[in-house]
2 protein chains.
Amino acid sequence: MAENKHEMILKAAQKLFAERGYDGTTVPMIAEEAKVGAGTIYRYFENKQKLVNELFRGSVAQFAATLRDGFPEEKDFREKFRHVFYRLIRYSREQPEAFRFINATVNAYFLDEQSKSDFEGFMDFIERHLDEGKEAGLLRALPAQAFIAIVYGTIFHLSRMFEDGTLEPSDELLAGLEKSCWDAISAD
Amino acid sequence: MAENKHEMILKAAQKLFAERGYDGTTVPMIAEEAKVGAGTIYRYFENKQKLVNELFRGSVAQFAATLRDGFPEEKDFREKFRHVFYRLIRYSREQPEAFRFINATVNAYFLDEQSKSDFEGFMDFIERHLDEGKEAGLLRALPAQAFIAIVYGTIFHLSRMFEDGTLEPSDELLAGLEKSCWDAISAD
DNA sequence: AATAATGGAATGAACGTTCATTCCGGATTT
DNA sequence: AAATCCGGAATGAACGTTCATTCCATTATT
């Protein structure tokens, strides 16, 4: 049953960090949510900051894997974009807490260097993908970062709305949004 | 000199809340930044939570005023959209701390009912504006909330990039982004 | 001189973290 | 097979620290 607790603590922390933020979440809160003693957390994590960084890197890795998994390497760019878009949406819906946690934590003062560079590596994956389309002349004459703002920014905001029920993620709506984002970045 | 301090405390709090979040900012930190004694803060604000809520409402009001000011009521919808887009950008650049603070705080657990409804009122302004364009058949068959996710989500993400220097907000880039957003929401 | 405003020391509550103790499943002895 | 022992996992009370808030001697205003 051992490594189960490690997982339970991370899961509890993720839920609370997503809801209340890092500083708004106390270690005893995490312990209660994970149904362990407060001291137990320190058997698995050196301290609160190491815990949040480990959680962050795990979430980013899972996020990146979601995007890479089944990536249509052989298909055309339009298809690749669709894949990334829908995987971003899927992750934000299947792991809303992780998604919210990642986005709330990206620029946090308590992230260590490894966490920051892990996240950069992830964004590079998206950026490389976009640059490819730009070189092929399929995308507008804008910096890749601008495309990221449009696509990632849109999905980030959408996920908030899906979470709080402001918007219902029907297949039709998602298809419309995918097209909107594509139209926003594609040339002509 | 009296009411100056009220303003200084709010300004200091805004800066720190934007940088470190509500729970990561201590009252003595705010006092030091505002160059007042810690106790002085409690002459102007009942407690930390009342302070953050007052700051939030003030920021939202200022934000809303920025959008409404000079709104081209008589011009066509395309022009109105351009106005809102550029004002959103302008606010995020001229008041980056306020913009960041608002977005980081919208869903926070410490917001009171008045703050929440103030923000809703602000979003309604944007939503009404979008609904108008939708009724005129200028926008796609998507919920207004979807347009908000695209436009506001994009601008929110952009502002992060402008702040940390990832992207340089040239007139050309902004014009390109405005067109991207318009293309993402406009029909056909 | 009286009154109000101020800063920062004082305070108690709550924090992250530690540690002496308890718990418990498996090995060892009877 | 029953009783005992064992070691690491788990615990939560307790520690020093830091927090939000209060208090009050001093300063500024009237």
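None of the values given here were measured: they were computed from a predicted structure. Chain letters run A, B, ... following the sequence lines, proteins first, then strands; residues in each count from 1.
Here D/dT21 presents its P atom at 10 Å from CG of B/L51, a figure rounded to the nearest Å. Atom CD1 in B/I41 sits about 12 Å away from atom C1' in C/dG8, given to the nearest Å. We find that CD of B/Q49 is positioned 12 Å from P of D/dA20, with the value rounded to whole Å. We find that CE of B/M29 is positioned 19 Å from P of C/dG7, with the value rounded to whole Å. Atom CD of A/E32 is separated from atom P of D/dG12 by 11 Å (rounded to the nearest Å). Computed from coordinates, the B/K35 NZ to C/dA5 C1' distance equals 20 Å when rounded to whole Å. Rounded to whole Å, atom P of C/dG7 lies 11 Å from atom CZ of B/R43. When the C1' atom of C/dT6 is taken as reference, atom CD1 of B/I9 falls 11 Å away, rounded to whole Å.
Checked against C/dT6, C/dG8, D/dA20, the side chain of B/P28 finds its nearest nucleotide in D/dA20. Distance from the side chain of B/K48 is smallest to D/dA20 among C/dG7, C/dG16, D/dA20. Distances were taken from every side-chain heavy atom of B/N47 (C-beta onward) to each of C/dG16, C/dG7, D/dT21; the shortest belongs to D/dT21. Which of D/dA20, C/dG7, C/dT18 sits closest to the side chain of B/V27 comes down to D/dA20.
Nearest approach of A/F85 to A/L177, heavy atoms of both residues: CZ-C, 3.8 Å.
A donor-acceptor pair is defined here as one N or O able to donate and one able to accept, closer than 3.5 Å; no such pair exists between the side chain of A/S115 and the backbone of A/L111.
Residue A/T25 is the one, among A/T40 and A/T25, whose nearest nucleotide of DNA chain C lies closer to the 5' end (criterion: closest heavy atom).
Counted within 6.0 Å of CD on A/E79, heavy atoms from surrounding residues, nucleotides or ligands total more than 12; the atom is thus considered enclosed.
By the salt bridge (charged side-chain N to carboxylate O under 4.0 Å, His left out) test, B/E168 pairs with no residue at all, sequence neighbours left out.
Here A/Y42 does not reach the OP1 or OP2 of C/dC19: none of its side-chain N or O atoms lies under 4.0 Å away. Note on A/K5: every side-chain N or O is 4.0 Å or more away from OP1 and OP2 of D/dA9.
Contact annotation for A/T26: backbone-only contact, meaning every heavy-atom pair under 4.0 Å involves sugar-phosphate atoms and none involves a base.
With a 6.0 Å cutoff to the six-membered ring centre and a 45° limit on the axis angle, B/K48 counts as a cation-pi contact of B/Y22.
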